[in-house]
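Report on one structure; see the data block that follows.
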Amino acid sequence: MRNITAYLSVVLVVSLLLAVASSGCIGTGTTQEKVLVVGTSADFPPFEYKNASNGQITGFDIDLIKLVAKKMGYDRVEIKDMDFDSLIPALQAGKVDVVIAGMTITPEREKVVDFSIPYWEADQAVLVRKGSGIKVSSVEDLKGKKIGVEKGTTGAIYVKKHLGNSSTIKEYPTYVAAIEALLNGQVDAVVLDSPVAEMFSKKYNSVEIVYTIKTGEHYGIAVKKGNKKLLDGINKALKEIMNSPEWNKLVEKYFGS
Ligand code: GLN
């Protein structure tokens with residue numbers, strides 16, 4: 001009887017020690033890291049894109065979320081790259097803590113996720129091949145054209161709403177695919193966010209912006225619906241950053257000439 005009691009006590013103590021060790025308090029000598037898991041779609045320069053030389057995901061949004069996370073006491077961020085269309089489902093499924101992807105705050109999206117205060121403004125731009133002769137002075141001029149968009153974006157939603165009956169709309173999983181389709185003549189135009197269209201027109205000599213659709217969009221950082229604690233922390237950090245010289249440095253780094 002006594003042996004069994006002694007045996008059970010040993011088992012109890014050992015399991016307690018194991019539990020404490022695996023919780024990260026003792027044992028390995030390291031404390032648990034605080035990691036913010038960030039979802040993005042890295043084909044949206046200068047907000048998020050893959051560095052041409054090393055393939056690392058970088059950009060305005062990436063630097064911004066790192067600053068936000070640091071202010072909030074996180075040790076590091078972990079970036080998960082996916083198609084734009086998968087970002088909100090990933091947030092809802094708890095696969096990522098936040099989404100930063102030049103994501104426009106829209107009433108439809110606000111039904112399923114919560115957004116931070118706005119941090120950037122954008123319109124939609126019409127990108128065509130140089131020398132295509134396509135002239136656009138209103139959205140009507142795109143009627144009958146083949147238009148490429150990225151699936152799930154505000155550009156795609158706008159084009160479908162205004163030209164859905166009169167034009168052929170091709171949806172691509174990424175902008176890279178949409179721009180390629182434009183370059184090789186599969187579509188006549190690509191409709192996408194104006195700051196990104198400007199970057200693409202600088203990168204690819206053969207495309208140009210011929211029209212801007214004034215949609216007046218605002219970008220926000222998204223969190224899972226109801227995650228008030230995280231959202232409050234993000235908003236506080238974001239406000240501080242936007243009112244500090246760090247913000248101007250960031251803007252200059254990614255938008256400066
Ligand atoms: N701002 C656009 C949207 O929210 C496009 C964002 C993106 O493609 N990364 O739909």
Side-chain angles (χ1 to χ4, degrees), residues 38-51 57-65 77 79-92 95-96 98-127 139 147-164 169-182 187 189-201 203-204 207 209 211-225 234 238 254-255:
V38 177
T40 197
S41 189
D43 73 338
F44 203 61
F47 296 96
E48 41 272 330
Y49 56 97
K50 290 198 185 100
N51 187 309
I57 296 173
T58 180
F60 183 92
D61 282 349
I62 307 303
D63 282 8
L64 178 58
I65 200 67
V77 302
I79 306 290
K80 287 196 177 170
D81 184 29
M82 57 192 89
D83 290 350
F84 186 76
D85 207 21
S86 307
L87 289 168
I88 288 183
L91 201 52
Q92 289 175 311
K95 287 182 190 153
V96 298
V98 302
V99 163
I100 189 160
M103 187 177 271
T104 303
I105 303 169
T106 69
E108 292 73 30
R109 289 177 183 157
E110 277 180 318
K111 284 182 198 150
V112 289
V113 295
D114 286 334
F115 282 102
S116 70
I117 54 165
Y119 68 89
W120 203 262
E121 275 179 31
D123 293 308
Q124 292 297 312
V126 180
L127 207 58
V139 177
I147 306 165
V149 289
E150 186 184 68
K151 200 165 190 274
T153 59
T154 45
I157 296 163
Y158 183 94
V159 165
K160 280 201 251 177
K161 187 172 168 199
H162 293 89
L163 298 160
I169 298 161
K170 294 196 173 185
E171 294 185 275
Y172 297 93
T174 63
Y175 283 118
V176 174
I179 302 287
E180 263 170 28
L182 178 64
V187 295
V190 169
V191 173
L192 76 166
D193 293 37
S194 48
V196 180
E198 269 163 43
M199 281 293 150
F200 279 133
S201 64
K203 187 174 166 193
Y204 301 97
V207 299
I209 297 173
Y211 187 64
T212 302
I213 308 165
K214 297 271 175 220
T215 50
E217 299 173 42
H218 298 273
Y219 294 170
I221 301 171
V223 302
K224 193 173 185 173
K225 190 126 205 83
I234 289 173
L238 201 50
Y254 288 101
F255 292 90

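Each residue takes its place number in the sequence, starting with 1. What you see below is based on every heavy atom in this structure, not just the backbone, and it leaves out hydrogens, waters and symmetry mates. Each ligand, and each atom within it, is numbered from 1 in the order the structure gives.
Note that OG of S86 is 12.5 Å distant from CG of L91, once rounded to the nearest 0.5 Å. Separating the CD1 atom in I157 from the NE2 atom in H162 is a distance of 12.0 Å, to the nearest 0.5 Å.
Using a 4.0 Å cut-off to heavy atoms of A101, the atoms of ligand 1 that qualify are 6 (C), 7 (C), 9 (N). For ligand 1, the atoms lying closer than 4.0 Å to a non-hydrogen atom of D193 are 1 (N), 2 (C), 5 (C). Below 4.0 Å from some heavy atom of Y175 lie the following atoms of ligand 1, by number and element: 5 (C), 8 (O). Heavy-atom proximity to Y219, at under 4.0 Å, picks out these atoms of ligand 1: 1 (N). Near M103, with a cut-off below 4.0 Å to any heavy atom, the atoms of ligand 1 are 4 (O).
Residue G102 holds the heavy atom nearest to atom 6 (C) of ligand 1 of all those in G102, A122, P195.
Judged purely by distance below 3.5 Å, without hydrogens or angles, the side chains of Q124 and T215 never pair a donor atom with an acceptor atom. For the residue pair Y254 / D63, a side-chain donor-acceptor distance below 3.5 Å is found, with atom types taken as modelled.
Protein heavy atom closest to atom 8 (O) of ligand 1, with residue, atom name and distance, is E150 OE1, 2.9 Å. The protein atom (non-hydrogen) at minimum distance from atom 10 (O) of ligand 1 is T154 N, 2.7 Å.
Within 6.0 Å of the NZ atom in K225, the count of heavy atoms belonging to other residues, nucleotides or ligands exceeds 12.
Scanning both residues, F255 and P195, for their nearest heavy atoms gives CE2-CB, 4.3 Å.
Aromatic ring orientation, F60 versus F47: perpendicular (interplanar angle above 60°, classes split at 30° and 60°).
Polar contact check, R109 against ligand 1: a nitrogen or oxygen pair lies under 3.5 Å apart.
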